[in-house]
Amino acid sequence: MKKKKILIVDDEHLIRWSFSKKLESWGYLPETASNGKEAMALINNFNPDLVLLDLNLPDINGIQLLKEIKSLNASIPVIIITA
């Protein structure tokens, strides 16, 4: 069975690392991005099945990034997270 791919977008390294390690232990294939620019590149190349998206990023607001993600692929589920 193909592993589900999850993109974690958060500017805090520890958050990305923690989510990534836990998701790997559950059998998922995680990838991480620390800002909106990295996230958009990975949306195209990694083609995730789910996105965990921080609301506050250094280069773009999470809501705006959500709109950009949905404009590329409206079927990708996105879960918005924040501290």
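Note that these values count all heavy atoms, side chains included, but never hydrogens, waters or copies made by symmetry. No experiment lies behind these values; they were computed from the predicted model shown.
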Between CG of N61 and CG of L55, what distance do you get to the nearest 0.5 Å?
-> 6.0 Å
Out of curiosity, W26 CH2 to I6 CD1, how far, rounded to the nearest 0.5 Å?
-> 9.0 Å
Give the cluster check for L52 versus I63: same hydrophobic cluster or not, with ILVMFWY residues linked at side-chain heavy-atom distances below 4.5 Å.
-> no
Rounded distance (nearest 0.5 Å) linking atom CD1 of I76 with atom CG of N47 | 6.5 Å
If every non-hydrogen atom of I81 is compared with every non-hydrogen atom of F19, which pair is closest and at what distance?
-> CD1-CE1, 3.7 Å
Report yes if some heavy atom in the side chain of D54 is under 4.5 Å from a heavy atom in the side chain of I15; otherwise report no.
-> no
Got a sec: does the NZ of K22 have more than 12 other heavy atoms crowding it under 6.0 Å?
-> no
Shared hydrophobic cluster, V9 / L14 (ILVMFWY, side-chain heavy atoms < 4.5 Å) | no
Rounded to the nearest 0.5 angstrom, the CG-OG1 distance for L53 and T82 is 10.0 Å
Minimum-distance pair of heavy atoms, taken over all atoms of I60 and L57 = O-CB, 3.2 Å
If two hydrophobic side chains count as joined below 4.5 Å and joins carry through other members, does L72 share a cluster with I80?
-> yes
Using the side-chain contact (heavy atoms from CB on, under 4.5 Å) rule, take V78 and L65 through it: C-alpha gap first, then chi angles, then the decisive distance, then the call.
-> CA-CA 10 Å; V78 178; L65 184 56; over 6 Å; no
Throw together a table of side-chain donor-acceptor distances under 3.5 angstrom for residues 30-43, partners on residues two or more places apart or in other chains.
| from | atom 1 | to | atom 2 | distance (Å) |
| --- | --- | --- | --- | --- |
| S34 | OG | E38 | OE1 | 3.2 |
| S34 | OG | E38 | OE2 | 3.2 |
| N35 | OD1 | K37 | N | 3.1 |
| N35 | OD1 | E38 | N | 2.8 |
| E38 | OE1 | S34 | N | 2.8 |

Could you go step by step and tell me if D11 and N56 meet the side-chain contact (heavy atoms from CB on, under 4.5 Å) rule?
-> CA-CA 8 Å; D11 58 328; N56 299 307; 5.9 Å; no
Please lay out, stage by stage, how L50 and K4 fare under the test side-chain contact (heavy atoms from CB on, under 4.5 Å).
-> CA-CA 8 Å; L50 172 71; K4 296 286 185 178; over 6 Å; no
Nearest 0.5 Å, what's the CZ-CD1 distance between R16 and I8?
-> 9.5 Å
Heavy-atom donor-acceptor pair, S20 side chain to W17 backbone, under 3.5 Å | no
Here the pair of heavy atoms bringing L7 nearest to F46 is N-CE2, 4.2 Å
